[in-house]
Amino acid sequence: MSIWVDIARLSVGLSAAFLVVMLGIWGRNYLTFRSKHALGLLVFGFFLLVQSLFTLYYYLVDPTLSVWFATQMPAVAWRVLMGIHVLQAVALGILLWITWD
């Protein structure tokens, strides 16, 4: 089961890193163009980053849930969470690629 935990944690960490980069780009674009589109992307990215950081906190730091996630959570649940986190990281990676271009 440890591999599912590691993949989920890594995916959430990558998502957070992608979002930090995109927030920098979207913030710069908002300051340059003052468009609602750029502002919307900035707000969206901020809330998704907060969600990712909360998830990492509960997976890695929280004294109760991090132990439960690492030792007692059923493997099937980890596979589902891992799938969700991997899909999110892939989607954000594609969005970063498009944003960077």
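Atom CG of Leu92 and atom CH2 of Trp97 lie 15.0 Å apart (nearest 0.5 Å). Atom CE in Met82 sits 11.5 Å away from atom CG in Leu10 (nearest 0.5 Å). In this structure, Leu95 CG and Gln88 CD are separated by 11.5 Å, a value rounded to the nearest 0.5 Å. We find the CD1-CG distance between Ile84 and Leu87 to be 8.0 Å, quoted to the nearest 0.5 Å. The distance from atom CZ of Arg79 to atom CD1 of Ile3, rounded to the nearest 0.5 Å, is 12.0 Å. Remark: Leu49 CG to Phe54 CZ distance equals 11.0 Å, nearest 0.5 Å.
Tyr59 pairs by the side-chain hydrogen bond (donor to acceptor under 3.5 Å, both in side chains) definition with His85, not counting sequence neighbours.
Grouping the Ile, Leu, Val, Met, Phe, Trp and Tyr side chains by contacts below 4.5 angstrom, directly or via other members, places Ile94 with Val12. In terms of hydrophobic clustering, with Ile, Leu, Val, Met, Phe, Trp and Tyr side chains grouped at heavy-atom distances under 4.5 Å, Leu60 and Val86 are assigned to a common cluster. Hydrophobic clustering of Ile, Leu, Val, Met, Phe, Trp and Tyr side chains at less than 4.5 Å, counting indirect connections, unites Leu65 with Val61. Note: the hydrophobic cluster containing Trp4 also contains Val90 (ILVMFWY, side chain heavy atoms under 4.5 Å, direct or indirect links).
Residues Trp26 and Thr99 come closest through the heavy atom pair NE1-CG2, 3.4 Å. For Val5 against Phe69, the heavy-atom pair with the smallest separation is CG2-O, 4.2 Å. For the pair Ile25 and Trp100, the tightest heavy-atom approach, listed with the atom from each and the gap, is CD1-CE3, 3.7 Å. Summarising the geometry of Arg9 relative to Leu56, their closest heavy-atom pair is O-CD2, 3.8 Å, with the distance given to 0.1 Å. Closest approach of Ser15 to Ala89, counting heavy atoms only: OG-CA, 3.3 Å. For Leu23 against Gly45, the heavy-atom pair with the smallest separation is CD2-C, 3.7 Å.
More than 12 heavy atoms of other residues, nucleotides or ligands lie within 6.0 Å of OH in Tyr57, so this atom counts as buried by the packing criterion.
Relative to the six-membered ring of Tyr30, Arg28 misses at least one condition, a distance below 6.0 Å or an angle of at most 45° to the axis.
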